[in-house]
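Since the structure comes first, as structure tokens, the remarks are kept for the end.
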Amino acid sequence: MLDRKYIVANASAVKANCENRNVPHEVDQLLELETQRRDMLRQVEELNRQANAVSKTIGQAKDEQEREERKANGRDLRAQKDAAQTQHDELDLKIRELELRLPNMAHPEAPIGEDDKSNLELGRGKHAPREFDFPPQDHVEIAKQWDWIDFEGGARTSGAGFYFLKGDLVLLDLAIQQYAVSELVRRGFIPMTTPDLAQDSILEGIGFMPRGPETQVYSIENSNLSLIGTAEITLGGLYSGETFDAETLPLKLCGISHCFRTEAGAAGRASKGLYRVHQFTKIEMFVFCLPDQSDALHQELKQIECDLFDAIEVPFRVVDTATGDLGGPAYRKYDLEAWMPGRGEAGEWGEVTSTSNCTDYQARRLNVRYKQKETKGTHFVHTLNGTAFALSRALISVLENHQNRDGSVNVPEALQPYLSGRKQIGG
RNA sequence: GGAGGAGUGGCAGAGUGGUUGAAUGCGGCGGUCUUGAAAACCGUUGAGCGUGCGAGCGUUCCGGGGGUUCGAAUCCCUCCUCCUCCGCCA
């Protein structure tokens with residue numbers, strides 16, 4: 001959510017931003033309603049002031065008759081105030097609905113473009129895509145050879161898009177998680193396991209739309225809870241309504257959670273094997289910080305993602321997301337796309353991580369503030385998030401890039417300590 | 001699941017219908033004293049919104065929502081959270 005005063009003062013920039021992002025807007029209507037609301041607010045406060053003044057004189061009334069007259073006067077003023085208040089609240093609600101649909105402003109250097117075709121490649125990882133001297137298999141084939149993934153069992157118990165991991169692949173999965181968590185802890189992140197469900201109000205604050213026709217998340221019937229699509233939701237909601245002391249920021253959190261996605265409308269999109277599933281585990285980075293820290297922290301999160309994928313020796317490229325492809329809350333977003341040799345005809349890049357600077361957009365919706373010593377008042381913090389590893393896709397990248405001719409898979413050195421020192425699985 | 005109790009400012013803790021945004025203490029900040037520090041003493045110390053160049057003024061907020069009343073931290077209803085005891089359970 002944008003600051004209402006900012007929208008009023010910068011209406012043309014807000015409109016231009018919506019157009020760059022391919023989001024329809026009703027800024028003009030919002031401005032009109034806001035003008036009305038302010039008038040109404042002034043009326044409400046004036047009536048309230050008068051009513052309060054009358055109330056204070058009632059105790060000092062000189063006789064019963066004067067007392068009753070003043071009471072009647074007070075009643076009348078309160079009634080007028082209530083009527084004005086109701087009008088004000090209706091206007092406020094309409095404005096808020098419009099505001100909630102406005103996306104965050106975009107970073108001035110973010111590439112402008114309609115969709116992901118305008119995304120800008122910023123660089124590559126340390127490892128170039130491998131030249132195979134044998135036809136590489138995709139992860140589904142590799143896993144099948146060693147009975148590492150049971151898709152049929154997943155479908156039987158839970159439906160299409162669910163799966164069981166088995167055997168050594170589970171150990172690899174855990175090794176990646178442990179490696180990521182220890183690396184993040186080393187870099188000052190506090191490890192946290194989070195609830196896998198959150199209240200809808202928190203989802204909305206983060207920028208998800210639970211229960212809409214295009215919802216990405218599963219909701220629990222007869223409750224206001226939804227399964228989280230990412231730990232960003234719970235970590236971001238963790239301090240909703242709270243005020244940080246400025247010295248305690250930046251606060252870096254590392255969330256370990258399951259992620260649930262309906263993937264509604266994703267049918268037909270590249271979705272083989274583990275690539276697009278309804279549930280996966282994710283190690284997520286989340287940061288609360290001061291406004292002047294968020295740009296640098298965004299670079300830091302991007303760098304951590306690069307370091308992690310370099311460490312597991314997976315080739316990747318970094319992409320600066322175009323305005324039209326940014327989610328609503330993001331001011332700027334970088335994606336890492338890993339090389340997946342088994343994808344498409346002869347390998348393709350596939351998104352494996354994403355890091356966003358959401359500036360104060362989520363903080364305003366969730367009411368997360370900071371307070372600086374010596375200065376009056378509070379301000380909204382900035383929030384950032386980034387994927388360390390989404391395990392489903394990380395596993396694809398490791399299996400496909402480190403496969404051998406016989407289907408065995410080399411364990412990247414960085415992961416070996418977390419896999420009993422083993423250098424290979426399968427075979 | 002059953003029975004009780006409690007939710008007030010950064011914290012602790014008064015306040016049960018009318019200048020109470022809220023006593024008091026602690027903490028924080030400023031000052032006096034001191035070579036310096038401590039102690040002591042004095043002063044100061046919540047946030048949101050509106051309005052004004054500004055000092056300020058107005059308004060809202062005592063877990064959330066609703067109600068009674070001219071007026072609610074204070075009375076009523078409801079929800080949430082926490083604590084204690086009992087039961088059940090990984």
Side-chain angles (χ1 to χ4, degrees), chain A residues 1-9 30-100 193-205 220 222-226 234 237-249 251 258 288 290-291 360-381:
Chain A
M1 190 160 69
L2 298 173
D3 177 40
R4 199 173 285 186
K5 282 187 218 158
Y6 177 88
I7 298 171
V8 172
L30 193 156
L31 295 178
E32 172 62 29
L33 290 169
E34 174 62 5
T35 307
Q36 293 176 24
R37 188 192 69 85
R38 286 212 186 186
D39 282 350
M40 201 50 73
L41 180 63
R42 253 167 268 155
Q43 286 184 43
V44 169
E45 292 192 343
E46 175 57 21
L47 288 165
N48 217 354
R49 190 190 63 74
Q50 291 176 18
N52 285 342
V54 169
S55 289
K56 281 187 183 162
T57 67
I58 288 173
Q60 291 107 51
K62 63 180 189 304
D63 56 40
E64 194 58 25
Q65 191 198 345
E66 186 177 80
R67 191 185 183 80
E68 286 310 315
E69 279 169 15
R70 290 183 183 176
K71 281 169 78 165
N73 185 215
R75 250 193 302 270
D76 184 46
L77 285 166
R78 293 285 169 193
Q80 289 183 51
K81 178 250 167 186
D82 285 344
Q85 181 82 54
T86 303
Q87 285 188 50
H88 169 272
D89 291 351
E90 282 168 9
L91 287 166
D92 192 51
L93 191 67
K94 280 186 202 158
I95 294 165
R96 198 176 157 81
E97 280 167 12
L98 295 179
E99 277 178 330
L100 284 172
T193 59
T194 92
D196 284 339
L197 291 98
Q199 314 216 43
D200 291 340
S201 61
I202 299 294
L203 289 262
E204 283 158 10
I220 306 296
N222 300 322
S223 82
N224 60 347
L225 293 168
S226 296
T234 39
L238 178 58
Y239 293 105
S240 62
E242 301 284 304
T243 303
F244 287 103
D245 286 333
E247 314 89 84
T248 64
L249 300 175
L251 179 64
H258 289 129
F288 294 96
L290 301 177
D360 59 3
Y361 190 89
Q362 294 175 327
R364 183 170 290 108
R365 290 175 170 223
L366 292 166
N367 194 23
V368 186
R369 297 162 173 273
Y370 70 90
K371 184 173 170 44
Q372 208 121 27
K373 269 211 173 82
E374 315 289 306
T375 62
K376 256 187 125 47
T378 55
H379 298 97
F380 292 112
V381 300

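Order of the sequence lines fixes the chain letters, A, B, ..., with proteins taken first and strands second; residue numbering starts at 1 for each chain.
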Give the rounded distance in Å between these two atoms: [atom1] of [X] and [atom2] of [N].
X	N	atom1	atom2	answer
A/Asp3	B/C49	CG	P	8 Å
A/Arg49	B/U60	CZ	P	12 Å
A/Phe244	B/G10	CZ	P	16 Å
A/Ile95	B/C49	CD1	P	15 Å
A/Lys56	B/A72	NZ	P	12 Å
A/Glu68	B/U69	CD	C1'	12 Å
A/Glu34	B/G50	CD	C1'	11 Å
A/Arg42	B/U60	CZ	P	17 Å

When both hydrogen-bonding distances must be under 3.5 Å and the geometry is Watson-Crick or G-U wobble, what is [N] paired with, if anything?
N	result
B/U59	B/G48
B/C70	B/G18
B/G4	B/C83
B/C29	B/G43

Between [X] and [Y], is there a side-chain N and carboxylate O pair less than 4.0 Å apart?
X	Y	answer
A/Glu66	A/Arg70	yes
A/Arg49	A/Glu45	no
A/Asp92	A/Arg4	yes

Q) Do we see a donor-acceptor contact under 3.5 Å between the side chains of A/Asp89 and A/Gln85? A) yes
Q. Taking only side-chain nitrogens and oxygens of A/Arg78, does any of them come within less than 4.0 Å of OP1 or OP2 of B/U69?
A. no
Q: For A/Asn52 and for A/Arg369, locate the closest nucleotide of RNA chain B by heavy-atom distance; then report the residue assigned to the nucleotide nearer the 5' terminus.
A: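 Residue closer to the 5' terminus by nearest nucleotide: A/Arg369.
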